[in-house]
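First comes the structure, then the notes that go with it.
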Amino acid sequence: MIQIAMIGLGGVVLALLFRQQKNEYALYISIAAAVLILILSVGKLADVIETVRTIQEYIKVDSAMIKILLKMIGITYVSEFAAQICRDAGFGSLGSQIEIFARLSIMAVSVPVVLALLETVEGLMGA
C-alpha cells in the first residue's frame, strides 16, 4: 500500500510541477501514474480470485455465478478507472457516459443471477 501511495503522490507532485509550464504533460503524468497503479493492482486480483474459489468450495455455489460476480467486479473497476481519467482530463460528461454504460452492462450480466433467484423463490413458494 505504501508503494501505491508513493506512486500516486509522486504522480500528483510531478503533475503539479508540470501543470504550470505544460498542462498536457500534467495530464499524461497523472494517466501514467494511474495506469501503473492499475497494473500493480492486477497482481492483487489473483488473491481475490483464490479466496472466491475457496468460498465457492465451502458453500457449493455454481461456478457460473462466481464468473458473473467477477465480471461485475471487473466492469465496476474498469469503468471507474476510465471515468476518473476522463474527469481528470476535463471530460466529465464522457466519464458519466462510461459509468452509465457500466451500469447497463452490470444489469445485463446479472440477468442469470436474477433468474436463478426467481426460480429459487418459485421453488420455495411451490413447496
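Just so you know, these numbers come straight off a predicted model, no measurement behind them.
Within the model, atoms CD1 of I85 and CD of E80 stand 11.0 Å from one another, a figure rounded to the nearest 0.5 Å. Atoms CD and CD1, from Q3 and I37 in turn, are 9.5 Å apart once rounded to the nearest 0.5 Å. Between the CG atom in L36 and the CD1 atom in I7 there is a gap of 4.0 Å [rounded to 0.5 Å]. Separation of atoms CD1 (I4) and CG (L9) is listed at 11.5 Å; rounding is to 0.5 Å. Between the CG atom in L118 and the CE atom in M125 there is a gap of 11.5 Å [rounded to 0.5 Å]. The distance from the CG atom of L70 to the CZ atom of R53 is 8.0 Å, given to the nearest 0.5 Å.
In this structure, the side chains of I55 and I66 stay at 4.5 Å or more apart for every pair of heavy atoms. Using a 4.5 Å cut-off on side-chain heavy atoms (C-beta onward), Y25 and L14 make no contact. Taking the side chain as every heavy atom from C-beta outward, D47 and E50 never approach each other to under 4.5 Å. By the 4.5 Å heavy-atom criterion applied to side chains, R87 and S96 are counted as neighbours. Two residues are said to be in side-chain contact when any heavy atoms from C-beta on lie closer than 4.5 Å; V113 and L117 fail this criterion. Proximity of R103 to I106: side-chain heavy atoms (C-beta onward) are nowhere separated by under 4.5 Å. Contact check for I68 versus P112: side-chain heavy atoms found under the 4.5 Å cut-off.
The hydrophobic clustering, which links ILVMFWY residues whose side-chain heavy atoms are closer than 4.5 Å, places I73 and V42 apart. V78 and F81 are members of different hydrophobic clusters when ILVMFWY side chains are connected at heavy-atom separations under 4.5 Å. Under the 4.5 Å side-chain contact rule for hydrophobic residues, L38 and L27 share a cluster. By the rule that hydrophobic residues join a cluster once side-chain heavy atoms approach within less than 4.5 Å of another member, V109 and Y77 end up as members of separate clusters.
Considering all non-hydrogen atoms of both residues, I98 and S79 come closest at CG2-O, 3.7 Å. A pairwise comparison of heavy atoms in S105 and I75 identifies CB-CD1, 4.0 Å as the closest pair. Closest approach of M65 and A116 over heavy atoms only: CE-CB, 3.5 Å. Of all heavy-atom pairs between Q21 and L17, the closest is OE1-O, 4.1 Å. Contact between G11 and A33 at its shortest, heavy atoms only, is CA-CB, 4.1 Å.
Annotation for I59: atom CD1 counts as buried by contact number, over 12 foreign heavy atoms lying within 6.0 Å.
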